[in-house]
Participant: 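Sharing a structure here in structure tokens format.
Both backbone and side-chain heavy atoms feed into the values below; hydrogens, waters and symmetry mates do not. Values in this document were obtained by computation on a predicted structure and should not be read as measured data.
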Amino acid sequence: MSRLQPARGTSDLLPEAMAAHRRVIDTARDAASLYGFQEMATPIFEFAEVFSRPLGDSSDVVTKETYNFTDRGGETLTLRPENTAGVVRAMISNGLTQSLPLKFFYAGPMFRYERPQKGRMRQFHQIGIEYLGPRDGLADAEIIGCGARVLDGLGVLDRCTLHLNSLGDTESRQAYRTALLAFLDAHAGDLSKDSRTRLTTNPLRILDSKDQGDRAILAAAPRLDGFLNDMSKAHFETVTAALDKAGIAWRLDPLLVRGLDYYCHTAFEFITDALGAQGTVLGGGRYDGLSEMLGGPPVAGVGWAAGVERLAMLAGAQAPAGPAVAVMPMDDDAGVAAHALAEMVRNAGIAVDVPTGGAIGKRLKKADRAGVRLAAILGSDEIANATVQLRELAAGTQKEVAQADLVSDLVDLLVKPVGGAGA
RNA sequence: GCGGGUGUAGCUCAGUUGGUUAGAGCGCCAGUUUGUGGCACUGGAGGUCGCCGGUUCGAAACCGGUCACUCGCCCCA
């Protein structure tokens, strides 16, 4: 290992990884645009309150996972750990509450100070959508459908299960919280250490504890769906009815709770077992109270975010695409002419590389391996005759063509399927 | 923050009970082929054995510490 490494929990995206990321992001953007979501971006850092207020001071994200710093002007800033708060802040800042409903898609890096693990980095990337305005459960179903479409587009939907739950509105959640606390207090001595501290900080979180002992206790705990009031029940029924009608399979998961305080009603996660401990690949829910928490008018919202790294891992490797054509000078003397010829080809919109240095044979071999299909070889004879040796690398055949005809010949050959001649 | 595993060439890994100049395959560079790759053969470059300290006549190997990576806990995408 070299001494010079990237900071812990960060990594370089070399072309191969970058290609996989791009595929995820492009697929998501395309799917989102089918639903009318438009891409936007917010800053990578915000005033600390943008995250600390809505996320809740007791949430793990804020207490131990944010990157905070003070800038030269004395402002306390936070590298965004997620993007929903930033998008809602942008809605308020730009006065967009006059233009509801809003449908946004975003993609970009997020930052959480955590111990790195498979599928979890300190700088990671998320794609997500936010649907601002509608209170109706149909909006929930629409964004879930959009999420399913993203996963399907990547070919990973069949390896994911949609877990769904309702947290209810504030009233329902309060009632449940009281009942749950009463139950858990009676078993406090048997709970895991982590869960005991959560009794005071965030009791709902105990529900998705992975501790065996906790799970045994929770089996007898009161369930959230028993405490939903009529309005909350109706909302959830709209969501599930719409999902069923759309043919989207889901599974009720009464233990599914979202970590962030602003969620209400619908909570969902697409979970896979193919990624080790980090099973959640796309998750989200409804956050009707968020805008007010940030000091804006009451605006309802639903959305989800998905981890690009996790999706890229699930979807598999992606070969980065390079130029299919190379112009190769025979030697240094042909370099200038080769560059001029390459520019001519580029003017026609065809991507061209000009490998120089080293033996021509090595360059042909390397080009072939890199996926180049056609090489236009240029030496002193060709320069004198205004021609070029046009070689099909896979087949090893070549012919002399006039430089003036090069572009049209390239177009003809590029249309042919790879290896179509034989092999 | 807590626990397990792993650190030897660009990559994947050998390296015997501690022994002298640390190896292989792949990759890379060059040659056999003076204007043409893939096969083959030949040669070459490339290593503070993660780092620091200790034990020893002698450490890549044993001990301690440390750093990094990795898997898991917590939490989440």
Side-chain angles (χ1 to χ4, degrees), chain A residues 1-9 11 24 28 55 58-65 81-84 107-128 147 160 192-195 197-198 201-202 205-206 208-212 214 256-260 269-272 275-284 303-314 326 328-331 333-334 355 357-370 372 375-383 389-398 400 423:
Chain A
M1 281 295 167
S2 163
R3 272 162 274 158
L4 200 52
Q5 304 187 51
R8 178 171 234 188
S11 75
V24 170
L55 294 184
S58 68
S59 76
D60 287 303
V61 171
V62 165
T63 52
K64 60 177 198 189
E65 292 177 5
E82 55 92 39
N83 205 29
T84 302
M110 309 291 159
F111 305 84
R112 290 183 199 175
Y113 187 88
E114 295 180 283
R115 191 73 174 266
Q117 233 174 287
K118 179 178 185 148
R120 177 203 288 164
M121 300 290 283
R122 287 182 174 181
Q123 175 178 339
F124 62 107
H125 299 81
Q126 284 188 333
I127 48 174
C160 298
S192 68
K193 202 176 91 211
D194 286 328
S195 289
T197 56
R198 281 183 292 217
T201 57
N202 199 343
R205 287 239 59 97
I206 297 175
D208 61 5
S209 167
K210 288 177 188 171
D211 182 89
Q212 287 298 320
D214 289 353
L256 174 62
V257 189
R258 309 245 83 217
L260 310 179
E269 293 183 359
F270 283 89
I271 297 175
T272 180
L275 241 42
Q278 268 61 48
T280 301
V281 115
L282 184 153
W304 53 253
V308 176
E309 282 82 357
R310 291 181 187 180
L311 286 175
M313 274 192 285
L314 262 191
M328 292 213 195
M330 209 66 222
D331 48 40
D333 291 341
I360 180 75
K362 299 292 169 123
R363 278 182 278 151
L364 287 168
K365 175 177 166 182
K366 192 174 273 187
D368 189 26
R369 282 188 191 169
V372 173
I377 303 165
L378 196 60
S380 51
D381 293 350
E382 287 76 16
I383 292 173
Q389 300 294 333
L390 184 52
R391 186 175 184 85
E392 292 188 72
L393 292 182
T397 57
Q398 95 183 20
E400 184 166 292

Participant: Looking at every strand, decide which applies to A/Met313 at a 4.0 Å heavy-atom threshold: base, sugar-phosphate, or nothing.
Facilitator: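 Touches nothing.
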Participant: Atom CE of A/Met328 to atom P of B/rU36: distance rounded to whole Å?
Facilitator: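 Distance check: A/Met328 CE to B/rU36 P gives 14 Å.
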Participant: For B/rG7 versus B/rU12, give the span between their P atoms, rounded off to a whole number of Å.
Facilitator: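 My reading of the P atoms in B/rG7 and B/rU12 gives 12 Å.
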Participant: May I have the distance from A/Arg122 (atom CZ) to B/rC76 (atom C1'), rounded to whole angstrom?
Facilitator: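 About 15 Å, once rounded to whole Å.
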Participant: Counting only N and O atoms by type, is there a donor-acceptor contact under 3.5 Å from the side chain of A/Arg112 to the main-chain atoms of A/Pro81?
Facilitator: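 Yes.
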Participant: Using a 4.0 Å heavy-atom cut-off, does A/Arg363 contact any base of the nucleic acid, only the sugar-phosphate backbone, or nothing at all?
Facilitator: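 Counting heavy atoms under 4.0 Å across all strands, no contact is made by A/Arg363.
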Participant: Mind calculating the distance between CG (A/Asp368) and C1' (B/rC39) to the nearest angstrom?
Facilitator: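 Going from A/Asp368 (CG) to B/rC39 (C1'), I get 14 Å.
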Participant: Can you measure A/Glu400 atom CD to B/rU36 atom P for me and round it to whole angstrom units?
Facilitator: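 Whole-Å distance recorded here is 15 Å.
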Participant: Nearest to the A/Thr280 side chain among B/rC69, B/rC73, B/rC76, which nucleotide is it?
Facilitator: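 Given the options B/rC69, B/rC73, B/rC76, the side chain of A/Thr280 is closest to B/rC76.
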Participant: Could you give me the CA-CA distance, side-chain angles and deciding distance for A/Cys160 and A/Leu314, then say whether side chain to side chain contact (heavy atoms under 4.5 Å, CB included) is met?
Facilitator: CA-CA 10 Å; A/Cys160 298; A/Leu314 262 191; 4.1 Å; yes
Participant: Nearest whole Å is fine: how far is B/rC71 C1' from A/Met121 CE?
Facilitator: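 Value for this atom pair: 14 Å.
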Participant: Give a yes or no answer on whether the side chain of A/Gln123 reaches the backbone of A/Ser11 with a donor-acceptor pair at less than 3.5 Å.
Facilitator: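 Looks like no, no N/O pair under 3.5 Å.
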Participant: For A/Leu275 and B/rA77, give me the distance from atom CG to atom C1', rounded to whole Å.
Facilitator: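 Rounded to whole Å, this separation is 10 Å.
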Participant: When the P atoms of B/rG23 and B/rC28 are considered, how many whole Å apart are they?
Facilitator: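 Pairwise P distance, B/rG23 against B/rC28, rounds to 23 Å.
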Participant: Using atom C1' of each nucleotide, how far apart are B/rU32 and B/rC39 to the nearest Å?
Facilitator: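 Those two atoms are separated by 14 Å.
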Participant: Could you identify the nucleotide paired to B/rA68, looking across every strand shown and requiring Watson-Crick or G-U wobble geometry with both distances under 3.5 Å?
Facilitator: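 Checking every strand shown, B/rA68 finds its partner in B/rU6, with both distances under 3.5 Å.
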Participant: Tabulated below should be each protein N or O lying under 3.5 Å from an N or O of nucleotides 33-35 of chain B; please produce it.
Facilitator:
| unit_1 | atom_1 | unit_2 | atom_2 | d |
| --- | --- | --- | --- | --- |
| B/rG35 | O6 | A/Asp381 | N | 3.0 |
| B/rG35 | O6 | A/Asp381 | OD1 | 3.1 |
| B/rG35 | O6 | A/Asp381 | OD2 | 2.6 |
| B/rG35 | N1 | A/Glu382 | OE1 | 2.7 |
| B/rG35 | N1 | A/Glu382 | OE2 | 3.0 |
| B/rG35 | N2 | A/Glu382 | OE1 | 3.3 |
| B/rG35 | N2 | A/Glu382 | OE2 | 2.7 |

Participant: Mapping A/His125 and A/Ala7 onto RNA chain B by nearest heavy atom, which one lands closer to the 5' end?
Facilitator: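 Closest to the 5' end, via its nearest nucleotide, is A/Ala7.
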Participant: Would you indicate what A/Leu393 reaches in the nucleic acid, counting non-hydrogen atoms under 4.0 angstrom: base, sugar-phosphate, or nothing?
Facilitator: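 Here A/Leu393 touches the bases of the nucleic acid.
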Participant: Need the pair for B/rG23. Rule: Watson-Crick or G-U wobble, both distances under 3.5 Å, any strand; none if unpaired.
Facilitator: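 Check on B/rG23: paired to B/rC13, both distances under 3.5 Å.
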Participant: Checking base pairs now: Watson-Crick or wobble, both atom distances under 3.5 Å. What partners B/rC39?
Facilitator: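 Base-paired to nothing in any strand shown.
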Participant: When only distance counts, do a donor and an acceptor, one from the side chain of A/Gln117 and one from the base of B/rC74, lie under 3.5 Å apart?
Facilitator: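 In this structure, the two groups form a donor-acceptor pair.
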Participant: Taking only the P atom of each, what is the distance from B/rA45 to B/rA22 in whole angstrom?
Facilitator: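 Per the computed distance, 14 Å lies between those P atoms.
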Participant: Is there a Watson-Crick or G-U wobble partner for B/rC62 with both distances under 3.5 Å, and which nucleotide is it?
Facilitator: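 Pair assignment: B/rC62 / B/rG54.
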Participant: Look at the side chain of A/Arg310 against the base of B/rC76 and say whether a donor-acceptor pair falls under 3.5 Å; ignore hydrogens and angles.
Facilitator: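 A donor-acceptor contact between them is present.
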Participant: Could you check how far CG of A/Leu256 sits from C1' of B/rA77, rounded to whole Å?
Facilitator: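 Checked: the CG to C1' distance equals 14 Å.
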Participant: What is the separation between atom CD on A/Glu269 and atom P on B/rC76, rounded to the nearest whole Å?
Facilitator: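 From A/Glu269 CD to B/rC76 P: 8 Å.
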Participant: Any strand is fair game: report the nucleotide pairing with B/rC73 by Watson-Crick or G-U wobble, both distances under 3.5 Å, or none.
Facilitator: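 By the stated definition (distances under 3.5 Å), B/rG1 pairs with B/rC73.
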Participant: Between A/Pro329 and A/Arg363, is any pair of side-chain heavy atoms under 4.5 Å apart?
Facilitator: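 The answer is yes; the side chains approach within 4.5 Å.
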Participant: Pairing donors with acceptors under 3.5 angstrom, does anything connect the side chains of A/Glu82 and A/Gln126?
Facilitator: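 A/Gln126 and A/Glu82 do not have a side-chain donor-acceptor pair below 3.5 Å.
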Participant: Checking base pairs now: Watson-Crick or wobble, both atom distances under 3.5 Å. What partners B/rG44?
Facilitator: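 Paired with B/rG44, as far as the under-3.5 Å criterion goes, is B/rC28.
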Participant: Quantified in whole Å, what is the C1' atom distance between nucleotide B/rC67 and nucleotide B/rG50?
Facilitator: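 Nearest-Å result for B/rC67 against B/rG50 at atom C1': 7 Å.
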Participant: Return yes if the base of B/rG1 and the side-chain atoms of A/Arg115 contain a donor-acceptor N/O pair under 3.5 Å, otherwise no.
Facilitator: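 No, the side chain and the base share no sub-3.5 Å donor-acceptor pair.
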Participant: Looking only at side-chain N and O atoms, does A/Arg8 come under 4.0 Å of OP1 or OP2 in B/rC69?
Facilitator: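 The answer is yes; a side-chain N or O of A/Arg8 sits under 4.0 Å from OP1 or OP2.
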Participant: Kindly say whether A/Gly119 contributes a backbone atom to a donor-acceptor pair with the side chain of A/Arg310 at under 3.5 angstrom?
Facilitator: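 Checking the backbone N and O of A/Gly119 against the side chain of A/Arg310, a donor-acceptor pair under 3.5 Å is found.
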Participant: Using the P atoms only, state how far B/rG54 lies from B/rG3, rounded to an integer number of Å.
Facilitator: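 Their P atoms lie roughly 28 Å apart.
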Participant: Return the pairing partner of B/rG18 with a 3.5 Å limit on both distances, Watson-Crick or G-U wobble; otherwise return none.
Facilitator: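 Its partner is none (no Watson-Crick or G-U wobble pair with both distances under 3.5 Å).
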Participant: Distance between the C1' atoms of B/rU6 and B/rA60, in whole angstroms?
Facilitator: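 Between the two C1' atoms, the distance is 15 Å.
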Participant: Counting side-chain heavy atoms from CB outward, which of B/rG37, B/rC73, B/rA30 is closest to A/Arg120?
Facilitator: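 Nucleotide nearest to A/Arg120's side chain: B/rC73.
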Participant: Counting only side-chain heavy atoms from C-beta out, which of B/rA77, B/rG38, B/rC28 sits nearest to A/Ala305?
Facilitator: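 The answer is B/rA77, which lies nearest to the side chain.
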Participant: For B/rU34, which nucleotide is its Watson-Crick or G-U wobble mate, given both distances must be under 3.5 Å?
Facilitator: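 Here B/rU34 is not engaged in any pair, so there is no nucleotide opposite it.
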Participant: Specify the closest pair of heavy atoms between A/Pro116 and A/Arg8, including all atoms of both residues, with the distance to one decimal.
Facilitator: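 Between these two residues, the closest heavy atoms are CG-CG, 3.9 Å.
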Participant: What does A/Gly119 touch in the nucleic acid at a heavy-atom separation under 4.0 angstrom: a base, only the sugar-phosphate, or nothing?
Facilitator: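 Contact class for A/Gly119: base.
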Participant: Evaluate the side chain to side chain contact (heavy atoms under 4.5 Å, CB included) criterion for residues A/Met313 and A/Lys118: first the C-alpha distance (whole Å), next the side-chain angles of each, then the deciding distance (0.1 Å), finally the verdict.
Facilitator: CA-CA 10 Å; A/Met313 274 192 285; A/Lys118 179 178 185 148; 4.2 Å; yes
Participant: Mind checking side-chain hydrogen bond (donor to acceptor under 3.5 Å, both in side chains) for A/Arg120 and listing every partner two or more places apart, or none if nothing turns up?
Facilitator: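 For A/Arg120, the residues satisfying side-chain hydrogen bond (donor to acceptor under 3.5 Å, both in side chains) (neighbours in sequence not counted) are A/Gln117.
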Participant: Go through the steps to decide whether A/Met328 and A/Leu364 satisfy the test side chain to side chain contact (heavy atoms under 4.5 Å, CB included), and finish with yes or no.
Facilitator: CA-CA 8 Å; A/Met328 292 213 195; A/Leu364 287 168; 4.0 Å; yes
Participant: Can you tell which of B/rA30, B/rG38, B/rC71 lies closest to the side chain of A/Lys118?
Facilitator: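 Closest of the options to the side chain of A/Lys118: B/rC71.
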Participant: For B/rA24 versus B/rG15, give the span between their C1' atoms, rounded off to a whole number of Å.
Facilitator: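 The answer is 10 Å between these two C1' atoms.
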